[in-house]
Chemist: 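Have a look at this one.
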Amino acid sequence: MKLHACVDCRAGDFHLQADLEVPDGTTTAVIGPNGSGKTTLLRVLAGFSRNGKGEVVLGGQVLDSGLGGTYLDPPKRNIGVVPQGFALFENMDSVGNVAFGIQSTGVRRHAARRQAAEFLDTFGLQELSALKPAELSGGQSQSIAVARALAINPDLLLLDEPFSALDSAARPRLRSQLRRWLAEARTTTVLVTHDPIDALTLADRIVVLEGGQVVQSGTTGEVTSNPRSAHVASLLGTNLLKGAARGQQVTVGDLRSSASQEARGIKLTISEAASGEVFVMFAPSAVTLSVSEDVTSARNRILCKVDHLEQLGERVRVSLGGEVHLSAEVTPMAVAELGLAEGSQVWASIKATEISTYPR
Amino acid sequence: MVAKSFNVGDSPLTDANPGPSGSRPPWWVFTLAVVALAYVAVPLIGLLLEVQWRDLGEQLSSSESLTALRLSLLTSVAATIVVIIVGLPLAWVLARVSFPGRSFVRSFVLLPMVLPPVVAGVALLAAFGRNSAIGGWLYDVLGVQLTFSPAGVVVAQTFVAMPFFVVAFEAALLGRSSQPEEVASSLGAGSWRVFTRITFPAVAPVFFAAVALAWARALGEFGATITFAGNVAGRTQTAPLGIYLQLGTDPAGATAMSVLLLAISVGILVGLRGRWLVSR
């Protein structure tokens, strides 16, 4: 079922204001830094918290129309919830956990347990049936929690950081398993995550929350090819600056810089002409470093100071400070040849053809 | 042979959580600790030495003792049931519902724990005595008189026992995340089903411990009972009251009943071990 939610609620100083549109049978990932309101948004959708104003509509039914209006209790909404940490019922085995929701629909205990056992079979989880939550691994707990939520055949599935409690070795397998289940269930899903890989592999659309506001939303392709926030850029590991373009010249500054700082900012040459306020994006691998100014043919040079060096696989990621913050990816050999260390001065060069711009 | 790898955690220089093993106190700390232990032990040993074990059964089965014991049992069980019926919702509300003045209510509920029981009795008299507004109404309209009646004993015992249950049970609820309850409600369970299937099974051990504590307190209640309900043999004379009275006339009988109450207390302690009173 299609979800349409205008969430607007306050908790203390925090103000969450987010519109969410999830087409029927698709998955939307909500990403954003800690404290951006992701979990609050899920709580309002589930009915654990009330919406301040605005409507939450699922498949044409109004679930919450804000304070003083309609409000359906969680048991009256048909929404499957997988909370962070999974919250399995400790006193029941896996079958009991899955049967709980089936029993709530009025099915007798014995029949519900049989249905739940069959349900676990179809998920390939039959060997976990008789185990209590304390006997399950993190990944197994996640599987049971997802099965428990899907067993009620929900109109909407809410997943809150489904992988954060799991060790990284188990994630790829569980991610593809969850991907398969979501595809089979064809349930409208909202997934909260801070891991871009979750969003890219599981979601059709991405909503980026920052400080309680939606800073970007669109299909995964749109969001990743044109990030519009520092958070998404850093998740994607790319450089994102803002600038003012005039033909093939763009004056850039940090995302957080003021307009006047930006005007005095660094001028870069771009290959495709643009105009007006733009985002400026380029990959760290497109940044070349040198100690003297005229070693490379790239026309865009910025004098920077090395803030931090970090080994990433076979490359070294160099975080650069100065008038703008950049990151560059170079080989360990280059680090040695240039004698890079925290605090050393370098010239960062970016080829015009490697820079993409898009309107702000 | 290469030396085994050395883990920092293997032998900490200072132990953040010193266990019972290995710590050796200065002699005076040790001495004072023994004195404290003796404070508890000596009177109890004295009581046990005083008991005429051979006549114990006979003394306990004297009609006076039996009546007092039976009344004690009935009233304390009734009081415990009242405590559960109203105290459980109170503990739940205090733990799970946020409302203005909650911390005030929380400390207020504890008041009977620190209030001198005789003051509790006086307060109950002022509220429910024959000459009070509520007590007068109860008597005139319903024909119920609490003072000098077993019902009054139950009222007094409930008053002093309630906080023991509420405090323990609320702590258990507070120590739990409400996530499983929320998930259960999203799965279609109403609040009653959520409580009986999810919350209660998880906190049942503490529930029973809290019930035992409240019952023990009700069983031993003296000051509030004698002040509010009086000391009428067969009607309000519970075991503690009986012991106090018998001490003048029949010390052996008083000792016998005391040892029985002591046995019940020990039984409760043993039952609570590893539940509420966590053993290290």
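Residue numbers start from 1 in every chain, and the chains themselves are labelled A, B, ... in the order their sequence lines are given, proteins ahead of strands. Worth saying up front: this structure is predicted, and the values here are computed from it rather than measured. FYI, side chains are in, hydrogens and waters are out, and symmetry mates aren't considered; it's all heavy atoms of this structure.
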Chemist: Under a 4.5 Å cutoff for heavy-atom pairs, which residue among A:Glu90, A:Lys76, A:Arg43, A:Arg77 has the most contacts with chain B?
Modeler: A:Arg43
Chemist: Just so I understand: if I count every heavy-atom pair under 4.5 Å between each of B:Ala202, B:Ser178, B:Pro201, B:Ala189 and chain A, which residue has the most?
Modeler: B:Ala189
Chemist: Should the ring pair A:Phe119 and A:Phe123 be called parallel, tilted or perpendicular, given that the plane angle runs from 0 to 90° and is split at 30 and 60?
Modeler: tilted
Chemist: How are the rings of B:Phe169 and B:Phe200 set to each other: parallel, tilted or perpendicular (split at 30° and 60°)?
Modeler: tilted
Chemist: Could you tell me whether a side-chain N or O of A:Asn97 sits under 3.5 Å from a main-chain N or O of A:Met92, the two making a donor and an acceptor?
Modeler: yes
Chemist: With side-chain hydrogen bond (donor to acceptor under 3.5 Å, both in side chains) as the criterion, how do A:Glu161 and A:His194 come out once you've worked through the C-alpha distance, each side chain's angles and the decisive distance to 0.1 Å?
Modeler: CA-CA 7 Å; A:Glu161 300 276 8; A:His194 66 267; 2.9 Å; yes
Chemist: For A:Phe100, is it the side chain, the backbone, both, or neither that has a heavy atom closer than 4.5 Å to a heavy atom of chain B?
Modeler: both
Chemist: Heavy-atom cut-off 4.5 Å, strictly under: side chain, backbone, both or neither for A:Ile152 against chain B?
Modeler: side chain
